[in-house]
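These notes are about the structure you will find just below.
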2 protein chains.
Amino acid sequence: MAKSTPGEAVPVRQRGVTMKDVAKHAGVSRTAVSFVLSNRENASISEETRTRINRAVQELGYRPNAGARALASRRSDWYGIVTEIVTAPFAVNIIKGAQDQAWLDRRFLLIAPSDQADAVGPNQGLEDAATEKLLEQRVEGLLYAATFHRGVHVPASANEVPTVLINCFDADGKLPSIVPDERGGGRIAVERLLQAGHTRIGVINLDPVIPAAVGRLEGAREALAVAGLELDPELVVSGYATADGGYEAACRILDRYPRQDRPTALFCLNDRMAMGAYDAIKERGLTIPGDIAVIGFDNQELIAAYLRPKLTTVALPFEKMGALGVQTLAALTAGQPIIADQQLVDCPLLERSSV
Amino acid sequence: MAKSTPGEAVPVRQRGVTMKDVAKHAGVSRTAVSFVLSNRENASISEETRTRINRAVQELGYRPNAGARALASRRSDWYGIVTEIVTAPFAVNIIKGAQDQAWLDRRFLLIAPSDQADAVGPNQGLEDAATEKLLEQRVEGLLYAATFHRGVHVPASANEVPTVLINCFDADGKLPSIVPDERGGGRIAVERLLQAGHTRIGVINLDPVIPAAVGRLEGAREALAVAGLELDPELVVSGYATADGGYEAACRILDRYPRQDRPTALFCLNDRMAMGAYDAIKERGLTIPGDIAVIGFDNQELIAAYLRPKLTTVALPFEKMGALGVQTLAALTAGQPIIADQQLVDCPLLERSSV
DNA sequence: CGCTGTTGGTAACGCGCGTTACTTGTTGAA
DNA sequence: TTCAACAAGTAACGCGCGTTACCAACAGCG
């Protein structure tokens with residue numbers, strides 16, 4: 001492999017070229033090479049030897065050894081992220097956002113999978129396996145990312161390096177976290193419906209105890225209050241967070257009232273349920289948004305963008321949360337104090353065609 | 001941080017505990033500690049000092065430094081994967097499969113993002129950035145993973161370490177790859193429809209030139225041939241690989257024939273198009289699978305499992321391909337010869353309710 | 001002329017660990 | 001009693017690099 005084909009344009013990389021080789025080839029000391037490669041300000045190297053060294057680097061195809069560099073400099077430029085997202089990729093854009101940001105900062109993001117059970121539960125032992133592995137790699141900071149917004153307990157060893165939680169928060173309230181502004185999202189959704197003239201709005205709710213449900217519903221109430229309205233408890237129905245759950249909940253709401261009392265809009269607290277609601281509405285010969293407007297939450301692209309009509313929904317800012325997580329971590333590792341224990345990220349409204 | 005609270009049950013980890021500290025604490029040489037920790041067979045250490053060392057490790061909360069170990073032993077236990085999947089997470093289960101397998105093998109998978117343009121195109125320069133970074137980390141092997149089955153060019157530097165392609169293949173035909181058995185998938189889909197009694201089958205095709213379309217269609221033809229049937233070219237319509245594309249294509253097929261000549265089943269070459277086909281069918285007052293059976297491809301969970309009725313489809317074996325990629329890479333790095341240039345992985349049929 | 005400051009480098013140490021070569025103490029057989 | 005064989009460990013080197021301390025040559029200045 002990597003045979004030296006004569007006449008090749010690309011520099012032939014030899015395996016195992018070290019700084020020493022570069023130094024010899026350039027006729028200087030290894031120290032000089034190190035100085036040039038790390039662009040030291042105060043080191044005095046003449047322009048001529050500098051170019052000679054750079055040429056040697058090119059000719060030999062030298063590639064720095066990140067591990068050795070980390071060992072000597074005592075900084076790895078690595079962050080670690082522990083996440084169940086690899087297992088349940090709903091929120092994979094968190095990883096994308098974090099990756100991109102880390103890449104921009106010239107840092108490596110080590111991704112370690114955690115079983116969902118591990119991340120939530122108090123079961124010590126297995127729980128720390130991923131964290132432990134990351135610390136063995138001498139990551140300079142840790143991120144924990146969850147697929148859905150909730151409280152978690154992180155392993156104790158996370159205290160050893162700066163740590164930031166993404167899309168979840170520390171149940172013990174000690175670590176900084178990045179979470180979606182559920183309330184703002186709920187507010188903006190209902191505001192949109194109000195603006196379209198709807199005053200009788202049905203809500204298809206999630207399990208009422210989870211942070212997402214609590215926040216989004218609270219936001220909905222706020223928006224109604226501003227318009228001088230109240231949320232009719234009868235119009236709020238809960239169901240399983242699935243298409244079937246949404247279908248059933250929508251059926252209950254739609255069939256409960258005579259035509260003139262029927263809600264003219266449905267706020268579905270996630271897109272999967274909206275998907276089911278679509279079916280219930282269409283089955284009854286009603287049109288979207290003509291007879292019933294529908295607004296979702298989550299912006300699960302595969303659903304929202306492909307439903308017919310396309311679903312207007314509130315987006316969970318996964319990518320932004322990932323990026324912000326890395327930025328916060330960078331600030332922390334740079335020694336800056338924690339800004340806030342819980343940073344809220346906007347959930348923007350995505351207008352499509354269902355309102 | 002990590003303050004020593006007296007009376008704490010958990011061992012208090014001190015930052016920067018090294019083997020030397022462990023050795024001192026146990027009253028032995030650092031070499032002895034190294035021998036014990038790496039479980040050397042031929043090293044002779046008495047059972048008593050062995051336990052003494054292990055105790056010291058516990059008490060001090062020693063954690064090995066993976067980087068230093070890699071430097072000294074000249075093996076990193078790291079694989080790198082370059083992928084656009086982080087950007088377009090459709091095939092994220094490839095990463096999951098690879099991760100899990102690597103984790104089982106006690107190896108770390110470094111994930112580096114590649115822009116889609118980079119991975120395909122011949123644009124040198126930026127193209128290699130991810131690969132270069134990974135090689136700087138001294139990964140022992142490289143994986144390249146694509147979101148959809150196609151030919152790619154990998155950067156030249158990939159030659160320096162064993163390399164395996166996942167869900168794509170080397171356009172130059174030099175590197176081993178893991179790809180889905182599209183033809184087998186097409187065959188099994190049509191076999192299922194034939195078995196259910198359908199003989200007049202419409203096909204909603206993708207862009208006819210991509211490997212997925214070619215293979216799946218070929219498989220469909222094979223299955224029909226076994227039953228003594230031929231694929232009616234008129235029944236094959238292409239469209240954009242979206243729900244809208246599927247909707248339009250399905251409309252064309254459904255409206256073209258009088259009722260008795262209408263196909264009784266649709267083979268949609270991906271699930272998104274099946275989603276659109278559902279709408280076209282329902283709009284015409286037809287039922288699934290009563291009037292028209294539908295079978296998809298890809299098993300995009302968010303769609304297939306939530307459509308009503310749930311979509312029977314052929315799964316792309318992302319997770320398996322990821323795992324097999326790592327296994328193949330492990331074999332290669334262990335010095336075994338390449339088994340085949342292109343390993344096909346089965347696409348299993350997932351029975352739901354649309355046939 | 002001696003002195004100081006600057007330019008352009010180099011020698012040498014250590015990061016944390018794997019590994020080889022070597023030492024010491026003990027046992028058993030000749 | 002002597003010597004080989006083994007058990008139980010240690011000293012020392014080097015992996016590839018960052019970094020500090022040092023050195024030589026030369027210019028400028030009084």
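Every heavy atom of this structure was used, including side-chain atoms; hydrogens, water molecules and symmetry mates were not. Residue numbering restarts at 1 for every chain, and letters A, B, ... go by the order of the sequence lines.
Residues A:Ser114 and A:Tyr144 have side chains that never bring a donor and an acceptor to within less than 3.5 angstrom of each other. Looking only at atom types and distance, the side chain of B:Thr328 has a donor-acceptor partner in the side chain of B:Gln343 under 3.5 Å away. No side-chain donor-acceptor contact under 3.5 Å links A:Ser34 and A:Thr31.
Nearest to the side-chain atoms of B:Leu71 among the listed nucleotides C:dT20, D:dC17, D:dG16 stands D:dG16. Comparing C:dG9, C:dC17, D:dG9 against the side chain of A:Thr49 picks out C:dG9 as the nearest. Nearest to the side chain of B:Ala68, among D:dG18, C:dG16, D:dT19, sits C:dG16.
Atom CZ of A:Arg63 is separated from atom C1' of D:dC17 by 16 Å (rounded to the nearest Å). Following rounding to the nearest Å, A:Asp21 (CG) and D:dC15 (P) show an atom-to-atom distance of 11 Å. Rounded to whole Å, atom C1' of C:dT10 lies 17 Å from atom NZ of A:Lys24. Here the P atom of nucleotide C:dT19 and the CE atom of B:Met19 are 11 Å apart, to the nearest Å. Regarding A:Arg74, its CZ atom lies at a distance of 7 Å from the P atom of C:dG16, rounded to whole Å. A:Lys20 places its NZ atom 13 Å from the P atom of C:dA11, with the value rounded to the nearest Å. B:Arg40 has its CZ atom 15 Å from the P atom of D:dT10, to the nearest Å. Atom C1' of nucleotide D:dT10 and atom CD1 of B:Ile45 are separated by 10 Å, given to the nearest angstrom.
If you check distances only, the side chain of B:Ser44 does reach the base of D:dA8 with a donor-acceptor pair under 3.5 Å.
Shown for residues 25-32 of chain B: residues whose heavy atoms fall under 4.0 angstrom of DNA chain D, namely B:Val28, B:Ser29, B:Arg30, B:Thr31, B:Ala32.
At a threshold of 4.0 Å, the pair B:Glu160-A:Arg63 counts as salt-bridged, since one of the basic side-chain nitrogens sits closer than that to a carboxylate oxygen. Of the charged side-chain nitrogens involved, none lies within less than 4.0 Å of a carboxylate oxygen, so that A:Arg69 and B:Glu136 do not count as a salt-bridged pair.
Proximity of a side-chain donor or acceptor of A:Asn167 to a complementary backbone N or O of A:Ala146 within less than 3.5 Å is detected. A donor-acceptor pair under 3.5 Å is absent between the side-chain atoms of B:Thr147 and the main chain of B:Ala88, judged by distance alone. A:Asn93 places no side-chain N or O within 3.5 Å of a backbone atom of A:Glu319 that could act as its donor or acceptor partner. Side chain of A:Ser38 to main chain of A:Arg40: no donor-acceptor pair is present (N/O by atom type, distance under 3.5 Å, no hydrogens or angles).
OP1 or OP2 of C:dG18 has at least one side-chain nitrogen or oxygen of B:Ser34 nearer than 4.0 Å. Listed pair B:Arg69 / C:dG18 meets the phosphate criterion, a side-chain N or O lying under 4.0 Å from OP1 or OP2.
Helix-axis bend for the helix from C:dC1-D:dG30 to C:dA30-D:dT1: the local axis fitted to the five terminal pairs at one end deviates from that at the other end by 70°, rounded to 10°.
Using a 4.5 Å cut-off on side-chain heavy atoms (C-beta onward), B:Val164 and B:Leu332 make contact.
Along DNA chain C, the nucleotide nearest to A:Glu47 and the one nearest to B:Ala72 differ in position, and the one closer to the 5' end is contacted by A:Glu47.
In this structure, A:Ser46 reaches the sugar-phosphate backbone alone: every heavy-atom distance under 4.0 Å involves primed, P, OP1 or OP2 atoms, never a base.
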